[in-house]
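See structure below.
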Amino acid sequence: MKIAPLLALLFCLPPAARAQADLKCPEFKPKAATVRTMRMQPLKRGKAWLEGTPKSINSVSCDLYGMKTEEAEYDGKNLVLKHAFVYKDKAGSKAVCDTLKSEEKLSTSFSDEAQSSMDDFCRKYKKKDFAVVQVFDASPSQGRESARKPVRQVFRVFNAKGFVTEEHAFDPLMNLETVTAYSYDKGNNLAGTALNDFDGRQLRREAFASDKNTSSRTHSVFGETNELRKKTVYELREDGTLRREVRSTYDSGEQPVNRSEVYCDAKGRPEKELVYDADAAEPKYEYTYTYKYDPKGNWTEERRTRVIVFNGNRLADTQYAPEITKRDFLYY
């Protein structure tokens, strides 16, 4: 199954192809089977900030193709949710539709059978190339795995080149929740997405563009009425690594709310961040990033520390708790 390139960057990593965000795992080298990300609650001891205990934990398990197989969220030590992802092949996906008996004649005009939105999809797309992703509630309270029913089913429709063109998401009662449409440029790079509700009303639209002359890429996010809400510009070095990332947010009238500029090191990792109010000329805050790494070269601890600039000197703000994120990996 092919995955279309998507022009998006995460944590100032170099640009990389990724699939739909809710199904795709973060990309690491080497490939990671499990990634656990912990947001810490820093604890001050004297003038030093210790990492403290985790206030939230996200754990993601991935297959060799980089797709999620399991995801769990914790509030401290308490499990908040746990989902398991099951990917059906072409035959298995057709079988999901076959079990609905969508093509059978209704017994009465008032029958609810074969009237679900999922049935409508199966009748309309029966000759198309599609695959089903079933999402299960995998928390212990749901009992045995064999007795679980999907809490969400995503039908992914592919074009002749094997790229996803639509995603139809259905709730546990097989009612349509959302439809996401994907468009591509001539190079098969993702050019845009449109997320619509069950009735076809736009919820969000995203656009991706690149400029070879400036070695930059842009990701824009639009709201329900097509107003610009977010824009991120990625400026690249000659070797393709990220040099600077500029993030801007806007209100419902497309007026700027805030802007941040993130400057990255030679490997594309954040080093310094400047945060501005609206279109102010001077930054409101400045942050620095420091890291610890595992033997594979992936960071296992990131500290984002606020900086005070006084008389041209830059000093760490010891009164402001740093943002500490820890990660651990299980590699293939």
Side-chain angles (χ1 to χ4, degrees), residues 1-32 60 62-68 85 87 90 125 128-131 133 154-169 178-196 202-223 226-250 260-262 264 266-270:
M1 181 184 299
K2 296 180 181 178
I3 300 300
L6 187 155
L7 304 179
L9 301 173
L10 185 63
F11 298 122
C12 276
L13 291 175
R18 69 180 180 93
Q20 287 60 48
D22 59 340
L23 300 176
K24 180 69 174 174
C25 287
E27 294 186 5
F28 297 101
K29 292 183 179 180
K31 290 184 178 180
V60 180
C62 314
D63 62 18
L64 282 169
Y65 300 100
M67 305 299 286
K68 291 181 183 178
F85 300 80
Y87 299 85
K90 185 174 182 179
Y125 290 89
K128 298 284 187 178
D129 184 13
F130 67 87
V133 184
V154 182
F155 286 65
R156 312 175 76 204
V157 182
F158 301 90
N159 62 18
K161 294 182 179 180
F163 296 105
V164 178
T165 57
E166 296 179 10
E167 281 188 342
H168 297 244
T178 59
V179 177
T180 305
Y182 298 85
S183 59
Y184 303 90
D185 62 21
K186 294 180 179 180
N188 292 322
N189 297 303
L190 187 62
T193 67
L195 176 66
N196 299 324
Q202 179 173 301
L203 300 175
R204 185 179 69 250
R205 182 174 69 84
E206 299 183 54
F208 305 89
S210 60
D211 188 333
K212 292 183 179 180
N213 294 326
T214 60
S215 297
S216 64
R217 292 173 176 172
T218 303
H219 174 204
S220 302
V221 179
F222 302 86
N226 239 20
E227 74 283 5
L228 178 65
R229 301 310 300 263
K230 295 180 182 180
K231 184 169 73 171
T232 305
V233 179
Y234 307 97
E235 300 173 1
L236 310 177
R237 295 185 177 90
E238 291 184 0
D239 62 359
T241 58
L242 189 61
R243 179 178 65 84
R244 187 174 74 144
E245 178 178 342
V246 181
R247 309 166 186 159
S248 303
T249 61
Y250 304 85
S260 64
E261 299 177 359
V262 182
C264 302
K267 292 187 177 180
R269 292 181 292 249

Can you tell me how far [atom2] of [Y] sits from [atom1] of [X], rounded to the nearest 0.5 angstrom?
X    : Y    : atom1 : atom2 : result
F85  : C25  : CZ    : SG    : 8.5 Å
R247 : S260 : CZ    : OG    : 4.5 Å
L23  : M67  : CG    : CE    : 5.0 Å
R217 : N189 : CZ    : CG    : 7.5 Å
E235 : E261 : CD    : CD    : 8.5 Å

Nearest non-hydrogen partners of [X] and [Y], listed with the distance:
X    : Y    : value
Y87  : K68  : OH-O, 2.6 Å
L190 : F208 : O-CB, 3.5 Å
Y250 : K231 : OH-CE, 3.9 Å
C62  : A32  : CB-O, 3.7 Å
A266 : T241 : O-OG1, 3.5 Å

[X]: side-chain contact (heavy atoms from CB on, under 4.5 Å) partners, not counting sequence neighbours:
X    : value
N226 : Q202, R205, F222
R229 : E227, S252
E166 : Y125, V157, H168

Side chain to side chain, [X] and [Y], heavy atoms closer than 4.5 Å:
X    : Y    : value
L203 : T178 : yes
V179 : E167 : no
T165 : Y182 : no
F130 : K90  : no
R269 : C264 : no
T232 : T218 : no

Can you tell me how the ring of F163 sits relative to the ring of Y184, calling it parallel under 30°, perpendicular over 60° and tilted otherwise? tilted
Set of residues satisfying salt bridge (Lys or Arg N to Asp or Glu O under 4.0 Å) with respect to R204, sequence neighbours excluded: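 With neighbours one apart ignored, the set is E206.
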Taking side chain to side chain donor-acceptor pair (under 3.5 Å) as the test, write out the residues that go with S216, two or more places apart.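 S216 satisfies side chain to side chain donor-acceptor pair (under 3.5 Å) with T214 once adjacent residues are dropped.
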Which residues satisfy the side chain to side chain donor-acceptor pair (under 3.5 Å) test with S183, sequence neighbours excluded? none
